[in-house]
Participant: 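Below: one structure in structure tokens.
We name chains A, B, ... by the order of the sequence lines, and we start the count at 1 in each one.
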Amino acid sequence: MSEHYDPQTLQAKWQQRWEELDPFRAGEGATDDRPYKYMLDMFPYPSGDLHMGHGEVFAIGDVIARYWFQRGYNVLHPIGWDSFGLPAENAAIKRNAHPAEWTYANIETQATSFRRYGISFDWSRRLHTSDPDYYKWNQWLFNRFFERGLAYRKGGLVNWCPSDQTVLANEQVVAGRCERCGAEVVRRELTQWYFKITDYADRLLDDMAQVEAGWPDRVLAMQRNWIGRSTGADVAFAIEGRDEPVTVYTTRPDTLYGATFFVVAPDAALASEICTPDRREAFDAYRAEVAKLSDIERMSTEKEKTGVFLGVHAINPVNGERIPVWAADYVLSDYGHGAIMAVPAHDQRDLDFARKFGLPVRVVVHTGLADPGETGEATPGEGTLVNSGPLDGLSKVDAIAKIIEMLAAEGNGKAAVNYRLRDWLLSRQRFWGTPIPIIHCPDCGEVPVPDEQLPVTLPDLRGEALAPKGVSPLAAATDWVNVSCPKCDGPAKRDTDTMDTFVDSSWYFLRYCSPGYEGGPFDVEQVRKWGPVDQYVGGIEHAVLHLLYSRFFTKVLYDMGMVDFTEPFLRLLNQGQVINMGKAMSKSLGNGVDLGEQIDTYGVDAVRLTMIFAGPPEDDMDWADLSPGASLKFLGRALRVMTEAGAGTTSGVPVESGDLALRKVTHHTIDEVTKLVESQRFNVAVARMMELTSAARKTIDSGPGAGDPAVREAAEALAVMLSLVTPYTAEEGWHRLGHPAPVALAGWPTADPALLVQESVTCVVQVAGKVRDRLEVAPDISESDLQALALASDKVKGHLDGPPRKVIVRAPKLVNIVP
RNA sequence: GGGGUCGUAGUCCAAUGGCAGAGACACAGGUCUUAGGAACCUGACAGUGUGGGUUCGAAUCCCACCGACCUCACCA
């Protein structure tokens, strides 16, 4: 038995043993009556080896999974790879190879690292989204969405990344730049496939109530903001010289009498249609100028308002007033109806525009603030309606109700709801993704590839053939593209775009429940057992992307009767980032820390312990503030305690005869660690384990010694609790205590309530909030006894001049006397 | 500008209305050791960003301000 603590030796020894034992397989048998738990980490993208960020997420997830294993749950803790995506394609172009080569080599590298890292995965359920037997079901699901009218093709302005040469979803454009590569996104007119996520906007918003307790507030807030539901009214304005009225959406129908002009998005068809001949030249010039602007320039709030008069007037339906119609790019063509009524007095954007172009400002809500026309500050707040005919004197809320009623009676408007959320653009003009299973037939139109012909696999393209050229590389594979129409058998062509890889990750958690299933994307019965995911762990960067899409998929599958829940992830934990020296790690800063190197130096357990102990899991940790060396030192201490306990005691000696003081510490620690792990305060749980280690050390050195059964009890509890964080050290300690592997299934220790009871408690006696005395009292002392005892204290009397005004008693811990 | 999170020893963090300190880093000293290291022990260091308020009592709840970070950003 080696006294020396060498993490690398322990790792080699136990990793092999665990692979033989395979202790983390999720049970499937009908006889398995353990309760189910589903623990899921966001699956990795295979870009090279695991990094520090992976080290943290998976360490955190593993604490939770291993705790459930110890508690006797039937735990599903799967692993797989999100293996479609651009980096593989770029690597393939560079190396004149196939993206699969790079992808699957990286997967193997990561898998090897995961095994060394000791995560409690059920490896038998491993999946890769780039495998045809996975993406086949993306296509199958696409067909179902298509049948339900939830997948459709439309033309329109889309976000185009000039660097990646593909379109992007709204969610993938961050501040006007491509979320992946940072290039400035431009707008292009293209016909693309969309998922109709907007049909689910209300449910995506309302169902958040189900997860409110389990998700971080900020993620809920981000999703709410992203969906951006607003309520207001649609109002129809007649346009002079046009037969049909134009509808605008407004959240402030109460200010309708304050509308002094009308604005249309310059890129909307309406603007061009209603522009008069004498204004045509100015409008065309303006539209061209706007089209040249990048999203970044266009969206800048600093930017001065621009626009042109279109030569026509709109008629305000409530007072018949003629107001000029302008085109201006602060009005977006794809929100609401692409046109607005402008109320400059009560909307800052309208006011900025009005002041620039000398348009009138009319106050219709008296807010008590200075005239916006004078100050340049719009007054969007509450107030009393003025200059508004029948609305005069009403509050904002009452005026909104009344005007909607009036508009509805006249047929000029109605209450309306709008969303910031747009439909999910899912076509990508790239290769390494799931082919969209549609065949375009000149006679039959869009024809889905019949289910029995799925999967539509990717043609074998590599190297230069994958270079971005603005159309999908698949278009060049003529043999692949040209097919006969499934309906009429005539010549037809395959759709050459691939799906956004967020489709792949929108349902992978369901596939894990029955990974090899061939009868559908997942076995409905298995998902009924395991789903929904009890705990999901991953980065905040997916707060609106992946999480919103997965929630959408789950709701569609619910409507299809394939799942019996409407929210996929009951609890969500977003781990913080691992940074170094105050900044995110990056090559250019030269502050990168390599996970593999850290493990080589300190060992897996010390690295995992350092990450868990650094602070609350959702906080960022700065590696420069941390000390894996100290973690290693602690693990040495802990293992020594377990070793000495193993050598000095015999299993089975009645523990009741052991040192009472240590036993109390042990049981207290078990009780506390249990609560701390359940409330996900893992850093504090580790601190408690450190205390237990010190207490055991003390008992060995200056108490009854290593032979005391209480030392064994402490060491055994320590081994099991440590197994959540540092599995190798725990396993070795458990072994030295004479128990067979795996410690992971040893069972969580139970605190004996009798040992949690304290014989006496220190009661603090305060006078006017200041501590004046401490009393040792029984924990079950009555309030009146405690009050009498406190008032009898000489130290207290010294601070009292007469009878106290008030005495607050919180037995048994505190008495506060108000003089 | 809207929304969100957060400010506690030199540092990372505990303390979920009740004694500001559990744990750790770094620092200083000691025991042991030929020495170095390791191991073990001991010690010093803050009154909670600022200002109000609620309360018998506030790091904790409320308001304002300062500062940091995240997020959305002309969504009518």
Side-chain angles (χ1 to χ4, degrees), chain A residues 3-5 174-176 216-222 224-226 228-230 232 248-252 255 263 265 298-303 305 328-332 334-343 346-350 352-353 380 418-422 540-541 543-544 574 576-577 609-610 613-616 618-622 624-627 629-631 633-634 636-637 640 672 676 679 681 683-691 693-694 697-698 700-702 762-774 804-810 813-819:
Chain A
E3 288 285 326
H4 185 62
Y5 179 75
V174 178
D217 286 344
R218 57 175 172 162
V219 176
L220 294 170
M222 283 163 76
R224 254 182 225 115
N225 292 342
W226 190 261
R229 176 161 65 190
S230 75
V248 299
Y249 171 73
T250 176
T251 54
R252 294 295 302 275
T255 63
V263 189
R298 199 179 54 78
M299 295 194 309
S300 165
T301 24
E302 317 295 282
K303 185 181 156 259
K305 293 278 181 289
D329 69 346
Y330 81 93
V331 172
L332 308 175
D334 61 349
Y335 182 78
H337 306 284
I340 63 158
M341 65 175 205
V343 184
H346 307 296
D347 183 289
Q348 191 61 48
R349 296 156 302 183
D350 295 343
D352 292 344
F353 192 84
N418 245 297
Y419 303 89
R420 214 188 75 109
L421 181 72
R422 311 292 205 270
I540 186 73
E541 65 272 18
V544 282
N574 294 120
Q577 282 198 300
L609 180 66
T610 302
F613 186 53
E618 56 278 0
D619 285 8
D620 286 352
M621 69 179 86
D622 192 329
D625 291 334
L626 304 174
S627 177
S631 299
K633 199 171 112 181
F634 163 71
R637 277 162 55 87
R640 233 172 297 119
E672 289 240 302
L676 289 163
S679 53
R681 292 188 300 151
N683 56 323
V684 189
V686 168
R688 296 288 170 270
M689 294 180 211
M690 289 174 169
E691 285 178 278
T693 307
S694 296
R697 176 85 262 148
K698 211 167 220 166
I700 293 169
D701 290 347
S702 49
T762 306
C763 174
V764 175
V765 185
Q766 300 176 328
V767 178
K770 289 199 171 65
V771 181
R772 298 302 182 187
D773 198 7
R774 288 157 215 272
R805 221 154 36 96
K806 196 172 174 184
V807 181
I808 288 101
V809 183
R810 293 284 177 273
K813 292 182 78 177
L814 181 127
V815 177
N816 188 17
I817 300 160
V818 188

Participant: How long is the line joining CZ of R697(A) and C1' of G23(B), in whole Å?
Facilitator: 18 Å
Participant: If you find the nucleotide of RNA chain B closest to D217(A) and the one closest to G228(A), which residue's nucleotide is nearer the 5' end?
Facilitator: D217(A)
Participant: Report the nucleotide, chosen from C74(B), G18(B), A76(B), that has the shortest atom-to-atom distance to any side-chain atom of D329(A).
Facilitator: C74(B)
Participant: When the distance from CG of N225(A) to C1' of U71(B) is rounded to whole Å, what number comes out?
Facilitator: 8 Å
Participant: Are the side chains of I817(A) and R772(A) in touch, meaning some heavy atoms are under 4.5 Å apart?
Facilitator: no
Participant: Less than 4.0 angstrom between a side-chain N/O of S627(A) and OP1 or OP2 of A24(B), yes or no?
Facilitator: no
Participant: Could you check whether V764(A) gets within reach of a base, just the sugar-phosphate, or nothing at all, counting any heavy atom under 4.0 Å?
Facilitator: base
Participant: Tell me which nucleotide, if any, is Watson-Crick or G-U wobble paired with C6(B) when both distances must be under 3.5 Å.
Facilitator: G67(B)
Participant: Across all strands, who's sitting opposite G1(B) as a Watson-Crick or G-U wobble pair, both distances under 3.5 Å?
Facilitator: C72(B)
Participant: If a protein heavy atom is under 4.0 Å from the base, mark B; if only from the sugar-phosphate, S; if neither, -; do that for nucleotides 9-14 of chain B going 5' to 3'.
Facilitator: --SSSS
Participant: Measure OH/Y335(A) against P/C72(B) and give the value in whole Å, please.
Facilitator: 18 Å
Participant: To check you understand the geometry: which heavy-atom pair defines the closest contact between N683(A) and F613(A), and what is its length?
Facilitator: O-CD1, 3.5 Å
Participant: Whole-Å distance between A76(B) P and L332(A) CG?
Facilitator: 10 Å
Participant: Please report the distance separating the C1' of C40(B) from the corresponding atom of G7(B), rounded so that it comes out in whole Å.
Facilitator: 38 Å
Participant: Which nucleotide in the set G18(B), A76(B), C40(B) lies at the smallest distance from any side-chain heavy atom of Q766(A)?
Facilitator: G18(B)
Participant: Does G37(B) count as syn, meaning its glycosidic angle lies within 90° of 0, or as anti?
Facilitator: anti
Participant: Between R252(A) and D347(A), is there a side-chain N and carboxylate O pair less than 4.0 Å apart?
Facilitator: no
Participant: Expressed as a whole number of Å, how far does the C1' atom of U31(B) sit from that of A24(B)?
Facilitator: 23 Å
Participant: Hunt down the Watson-Crick or G-U wobble partner of A22(B), both distances under 3.5 Å, from any strand shown, or write none.
Facilitator: none
Participant: Roughly how far apart, to the nearest Å, are A44(B) and A39(B) at atom P?
Facilitator: 23 Å
Participant: Provide the distance between the two C1' atoms, one in C63(B) and one in U54(B), to the nearest whole Å.
Facilitator: 11 Å
Participant: Side chain of R640(A): nearest nucleotide among C72(B), C40(B), A22(B)?
Facilitator: C40(B)
Participant: Is there a side-chain polar atom (N or O) of R637(A) under 4.0 Å from OP1 or OP2 of A38(B)?
Facilitator: no
Participant: Determine the Euclidean distance between corresponding P atoms of C6(B) and C62(B); express it in Å to zero decimal places.
Facilitator: 11 Å
Participant: Would you please confirm or rule out a distance under 4.0 Å between OP1 or OP2 of C69(B) and any side-chain N or O of R218(A)?
Facilitator: no
Participant: Reckon K813(A) has a side-chain N or O less than 4.0 Å from the OP1 or OP2 of G18(B)?
Facilitator: no
Participant: Quickly work out the R805(A) CZ to C56(B) C1' distance and round it to whole Å.
Facilitator: 8 Å
Participant: Between C74(B), A76(B), C41(B), which nucleotide gets closest to the side-chain atoms of K305(A)?
Facilitator: C74(B)
Participant: Would you kindly give the NZ-to-C1' distance between K698(A) and U42(B), to the nearest whole Å?
Facilitator: 11 Å
Participant: Could you measure between the two C1' atoms, the one in G30(B) and the one in A38(B), and give it in whole Å?
Facilitator: 16 Å
Participant: Would you measure the distance from the C1' atom in A15(B) across to the matching atom in A22(B) and give it in whole Å?
Facilitator: 8 Å
Participant: Looking at the side chain of V331(A), which of G23(B), C25(B), A76(B) is the nearest nucleotide?
Facilitator: A76(B)
Participant: Which residue lies toward the 5' end of RNA chain B, I540(A) or T250(A), if each is placed at its nearest nucleotide?
Facilitator: I540(A)
Participant: Taking only the side-chain heavy atoms of M690(A) (C-beta and beyond), determine which of A24(B), G3(B), C74(B) contains the nearest atom.
Facilitator: A24(B)
Participant: Only pairs with both distances under 3.5 Å count, Watson-Crick or wobble alike; so what is the partner of C27(B) in this structure?
Facilitator: G43(B)
Participant: Does F353(A) have K305(A) sitting over its ring (NZ/CZ under 6.0 Å from centre, angle to axis within 45°)?
Facilitator: no
Participant: Will you find, in the side chains of R637(A) and S694(A), an N or O donor that is under 3.5 Å from an N or O acceptor?
Facilitator: yes
Participant: Could you tell me the separation between the CD1 atom of I700(A) and the P atom of A39(B), rounded to a whole number of Å?
Facilitator: 15 Å
Participant: In whole angstrom, give me the gap between the P atoms of A73(B) and G10(B).
Facilitator: 41 Å
Participant: Rounded to whole angstroms, how far apart are CG on D773(A) and C1' on G18(B)?
Facilitator: 16 Å
